[in-house]
Amino acid sequence: MEISHIALPFGTGIRLPKNFLSLRLRWRNAFIYAFAILFVMTALAVFLFTRISVIDTADTVEQFAKQANATAVNTALPATWVQGKPALTALLQQWSALLGGHVTAILADGTIVADSQADTQPIEDFSELPEVRAALDTGQGRNIRDDLTLHGRTLFLAFRVQLANGQVGVLHWAFLLTNLETSLNRFRIAIVWSTFIATLLIIGVVLFQAERSAYMVRHLTEMVERIAHGDLNARIFSFNSGEIGQLARAFNLMVTRLQKQMGKRAREKDRLNTVLNVMSDGVLILNKHGRVSLINPATTRILQGAEPSETPRTFVQVVRDHRIVEVWHRCQKSGQEESATVELEGDRFIRIVVSPLFKSGSPTTGERGHLVIIQDLTRLYQLQTVRQDFVSNISHELRTPLASLRALVDTLNDGALQDPPAAQRFLLRMEVEVDALTQMVQELLELARIESGKVPLVLRPTPVMQAIAPAAERLSLQAERAKLSLTIDLPTDLPNLMVDADRIQQVVTNLVHNAIKFTPAGGSIRITAQLDEDPSAVIICIKDSGMGIDPDDLARIFERFYKADRARSGTRPSARNGDRTTGGTGLGLAIAKHIVQAHGGRIWVESIAGKGSSFYFSLPVVS
């Protein structure tokens, strides 16, 4: 049994059962009901006994009165009365035996004429008896009192008799009520026992019903406690059709509806949590006091340190930036949505949107808090920068050949057409510029197709040598003209690649051509391959001893039109004849990156300025 502690005055305490108070209450109510029932039953018994005693006594008196009155009006009485005492005594004895009473014939002055019990001596004066005086006055009288002669409660009846000689006599009857008293006593005892037994039965039924009701209340209390602790499967089983049964059914219906509502709220909460967890924007919900009641993971990522905490924190403690807090303050003052764009450390940009939360969705009901949306615009700004650089780069790349074409056309129009050798030389130069423009457009289209995924990859198991060597061998003659050493060192025990060989050869061509272009005469280019730490990929490396790449340019080397060194992007000395040849379009590395990524691999570069560069890319092997 669970024990609870009840503190009493004077520093004392008594440990009582947890349900002690409910026990006292239940038994106190039962005692009140029992006392009320006992009182009602006792009053009912007294009333019944009194009423029945009165009725039985009245019936008995009326019966004796009728019988006695019949003797008083008997026609033989006056004649027998005047015949003398013996005859009258005999008649009275006959009636006494017949009716079971004591009868006496007296005169108006109380003189006894005859008695049914001849040897009985009267103890009292008959003329003073109330029933005798009443009989003389009204014709009959009656009285009930204790009689000393009969030794018990006695009914006395007196009837006036008109005698033949003109005198008035009184016939006095005495009926002992012992039998009536005995009958009433037995009836009293029966009523007492009946009342006692009925009272016990009723009290038992009341106690049983009280205990049953108390059990239902305890059961209901237990179910409520279980529900309060989160057990929504608690139910009350009752077959009672009364109020308790209705209460149990109403309770079960309430719990069922509550369970549905809680389930609905749980599902809505799960959806909300899922949405908040997968959102790329940060979300904070503030109460009306400015404390954070909800924060999603994106907020932590964007603000870099706004970790969720079980202890409610203020908005200022979470964001730790006065510019963001200022947006919130503006929203508090205006009562409307406020927004601003803030630049954080590390070239990061965020947009803050603060909206008030109103009660019932109406601005007139007052604010309940604020909703804060934090959007990370860093990537958008980076893309904007890339777009601006792209426009600038392509404009720069197109300006040079277009300017050359314009100059050549103007020269031809100025009279160079009249000099056939010069005109032919200008036309050849124009053809070179047009070819450069055509190559640039084709590479842009190719890059756009690769990025959009419209270029299907024909994946086949391909040996590493077959995927790498042909492209490098096609550029070997160009490397010789540039006085460069091109070495292909591919192990023969590498697993086959699952690649599109033509596309991989395009990657190798771009990387080797890039190495040849930016490696001075006398340098070397080496192509190697090895199995990755993850045996599901092979890493190919194209290493040159060229001029290298500045560390600031490594992060953007694979962007379209991006050239690490603008000074070297246009021309470089030819190893063969000393003239100057045009540089590339700046799209080769971007095309190589997207082809490798389309195969599920990755590409990167390691370089030290003045000491050469190493381009790596990984390709998947046949599983």
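Excluded from the calculations below are hydrogen atoms, water molecules and symmetry mates; all remaining heavy atoms, backbone and side chain alike, are included.
- Side-chain contact between Leu357 and Ile285 is present, with at least one heavy-atom pair separated by less than 4.5 Å.
- Side chain to side chain, Ser613 and Ser607 meet the donor-acceptor criterion of an N or O pair below 3.5 Å.
- Counting only heavy atoms from C-beta outward, the side chains of Gln317 and Thr314 approach each other to under 4.5 Å.
- Annotation: side chain of Leu554 is in contact with side chain of Val605 (closest heavy-atom distance under 4.5 Å).
- Taking the six-membered ring for Trp and thresholds of 30 and 60 degrees, Phe349 and Tyr381 have nearly parallel ring planes, at less than 30 degrees apart.
- No side-chain donor-acceptor contact under 3.5 Å links Arg481 and Gln478.
- Residues Glu480 and Ser476 bring no donor and acceptor atom of their side chains to less than 3.5 Å of each other.
- A cation-pi arrangement, defined by a distance under 6.0 Å to the six-membered ring centre and an angle within 45 degrees of its axis, is present between Arg602 and Trp604.
- Residues Thr492 and Met465 have side chains not in contact (no heavy-atom distance under 4.5 Å, counting atoms from C-beta outward).
- In terms of heavy-atom proximity, Ala529 sits nearest to Leu490 at CB-CD2, 3.6 Å.
- Residue-environment remark: CD (Glu533) stays at or below the threshold of 12 foreign heavy atoms within 6.0 Å.
- In this structure, the side chains of Asp376 and Asp281 stay at 4.5 Å or more apart for every pair of heavy atoms.
- The pair Arg526-Asp489 meets the salt-bridge criterion, with a side-chain N (NZ, NE, NH1 or NH2) lying under 4.0 Å from an Asp/Glu carboxylate O.
- Open room surrounds CZ on Arg406; 12 or fewer heavy atoms of other groups in view lie less than 6.0 Å from it.
- For the residue pair Glu606 and Ser614, no side-chain donor N or O sits within less than 3.5 Å of a side-chain acceptor on the partner.
- Residue Met223 qualifies as enclosed at atom CE: its count of foreign heavy atoms under 6.0 Å is above 12.
- Heavy atoms of other residues, nucleotides or ligands lying less than 6.0 angstrom from CG of Asp347 number 12 at most.
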Where do Val319 and Val325 land on the side-chain contact (heavy atoms from CB on, under 4.5 Å) test, with the steps shown first?
CA-CA 8 Å; Val319 298; Val325 176; 3.7 Å; yes
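- Residues Asn277 and Thr274 bring no donor and acceptor atom of their side chains to less than 3.5 Å of each other.
- Counting heavy atoms from C-beta outward, Lys260 and Arg257 have side chains that stay 4.5 Å or more apart.
- Between the Asn296 side chain and the Leu276 main chain, a donor and an acceptor come within less than 3.5 Å of each other.
- Rounded to the nearest 0.5 angstrom, Arg351 CZ and Ser339 OG are separated by 4.5 Å.
- A heavy-atom distance below 4.5 Å is found between the side chains of Ile504 and His599.
- Using a 4.5 Å cut-off on side-chain heavy atoms (C-beta onward), Phe615 and Asn514 make contact.
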